Amino acid sequence: MPRYKRITVKIGSNVLTRPDGTLDVTRMSALVDQVAALHKQGIEVILVSSGAVASGRSELGMEHDRRLDAVSARQLFSAVGQAKLINRYYELFKEHGIACGQILTMKESFSTRRHYLNQKHCMEVMLENGVIPIVNENDTVSVTELMFTDNDELSGMIASMMDAEILIILSNIDGIYTGAPDDPQSRLIPEISAESRTDLSKYIQTGKSAFGRGGMLTKSSIARKVAQEGIEVIIANGRRDDVLAALLRRDGATPCTRFLPSDKTTSSIKKWIAHSEGFAKGGLHINEQAAERLLSRRATSLLPVGVTSVEGDFEKGDIVRIYAPDSRQIGVGRISCDSTKARTLIGKQGGRPLIHYDYLFLD
Ligand code: GLU
């Protein structure tokens, strides 16, 4: 087996719950056994586990869904379900003599560099001390627009933040198919390169899974982004026996879709910016020449001369979106001045870059 130092494993709600929504403790126990085996080989594992809402629902009963509004139900279920979920993990890892700890996070905690680094530090300390971090979104407080799209997005942010070598996303299907997974004509796509421009949305059904928030479309777009940062991503079926070790052995016997990592290295600040789009405070519209220069992949900064208009109000250091002349978003970056100053600089020759290359991430 190739030597891995650090991996992130995301376990979806559909892997952990039975069709009736109750927590599948047998499956959970099998996955904990696999993670424990990797841990004992010296591989640092960060778990991102869903299942709080589903396990809370199964504890308290579906009738709450009818009585409560969607936000209240999610808050109630997650408050109870997360306690139950982490308690199960704690007991299961304890049987292996391994300690685990809980990290509950929110999209906002990734929005400032300081909070981001605080979280990272916490997980580094846990790993250094042999403790397995188990991460989930803090569903009790993160509601509506403050939410991650789903835990797939969260797992991508965690893998990137923690510089994992590989992110394994476990769901209840084997990977990405060329059509509906249950259609005999569909084929599993074994490999997708980070640079591939294939539009996967033409293959993927938009229907969501039974208990999780995410679908294959978000999985594939997160996977592509993370692979572009140099981290391999595998989408596989968490219900297959011994799936983690089998995937890491790379013997080709386990069906999955692998997103091959780009070989260019991405600095940690660029990784943070890559996942910061959701916190963008405004935007810069740029002209054709500037768009061409940026997309030519040479290390180019965005200069005032290339900017045609400024959208929104932002402060120096905020994340802003960058739009090509056809209004298509082509990237995000950290702006070097506030929006008032940026407006005075539109189209001006010379001067400092509005977004320096080191703080620029192009889609
Ligand atoms: N955080 C949610 C939970 O633990 C899961 C979100 C998702 O399905 O992606 O239930």
Side-chain angles (χ1 to χ4, degrees), residues 8-25 27-28 31-32 46-62 64-65 68 70-90 92 100-110 119 133-159 167-173 204-223 225-226 233 235-239 275 278:
T8 301
V9 178
K10 186 254 168 175
I11 308 180
S13 298
N14 285 297
V15 181
L16 290 183
T17 42
R18 297 200 185 86
D20 65 356
T22 56
L23 206 58
D24 185 344
V25 182
R27 176 66 43 210
M28 211 171 153
L31 285 161
V32 166
I46 300 155
L47 268 187
V48 177
S49 179
S50 305
V53 173
S55 78
R57 181 181 284 120
S58 71
E59 184 74 23
L60 297 174
M62 303 268 185
H64 291 85
D65 279 314
L68 297 172
V71 171
S72 310
R74 185 167 165 269
Q75 288 181 309
L76 177 71
F77 290 151
S78 62
V80 174
Q82 181 64 26
K84 190 173 156 192
L85 188 72
I86 203 71
N87 185 40
R88 286 279 189 210
Y89 273 120
Y90 184 85
L92 290 169
C100 64
Q102 168 176 274
I103 308 263
L104 292 180
T105 186
M106 292 193 291
K107 199 156 186 169
E108 262 196 318
S109 311
F110 289 80
Q119 293 189 97
I134 303 181
V135 188
N136 196 4
E137 179 167 13
N138 190 352
D139 296 302
T140 58
V141 266
S142 79
V143 287
T144 57
E145 74 278 6
L146 296 177
M147 274 157 62
F148 293 104
T149 313
D150 49 43
N151 268 8
D152 300 318
E153 182 184 23
L154 171 62
S155 70
M157 289 166 105
I158 295 285
L167 164 64
I168 301 177
I169 299 180
L170 296 178
S171 115
N172 57 351
I173 31 180
I204 300 169
Q205 324 284 301
T206 42
K208 283 198 311 173
S209 46
F211 294 107
R213 267 210 317 273
M216 224 14 119
L217 208 51
T218 45
K219 282 186 184 46
S220 69
S221 70
I222 295 295
K225 187 177 214 167
V226 173
V233 184
I235 300 178
N237 191 336
R239 293 172 185 244
H275 292 275

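This one's a predicted model, so the numbers in the text were calculated from it and none came from an experiment. Both counts, for ligands and for their atoms, begin at 1 and track the order of listing.
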What I'd like to find out is whether the side chain of Ser155 reaches to under 4.5 Å of the side chain of Leu167, using heavy atoms alone. yes
Please check if the side chain of Ser55 supplies one atom and the backbone of Gly81 the other of a donor-acceptor pair under 3.5 Å. yes
Mind checking whether Phe110 and Thr105 have side chains closer than 4.5 Å, heavy atoms only? yes
Tell me every residue that passes salt bridge (charged side-chain N to carboxylate O under 4.0 Å, His left out) with Glu108, counting only those two or more places apart in sequence or in another chain. none
Please list, chain by chain and in numerical order, all residues satisfying side-chain contact (heavy atoms from CB on, under 4.5 Å) with Thr140, sequence neighbours excluded. Ser78, Ala79, Asn138
Find all atoms of ligand 1 within a distance of less than 4.0 Å from any non-hydrogen atom belonging to Asn136, and give their numbers and elements. 1 (N), 3 (C), 4 (O)
Any N or O of Asn151 that comes nearer than 3.5 Å to an N or O of ligand 1? yes
For ligand 1, which atoms have a heavy atom of Asp150 less than 4.0 angstrom away? 9 (O)
Hey, is ligand 1 close enough to Ala54 that some N/O pair sits below 3.5 Å? no
Specify side chain, backbone, both or neither for Asp139, according to which of its non-hydrogen atoms lie closer than 4.0 Å to ligand 1. side chain
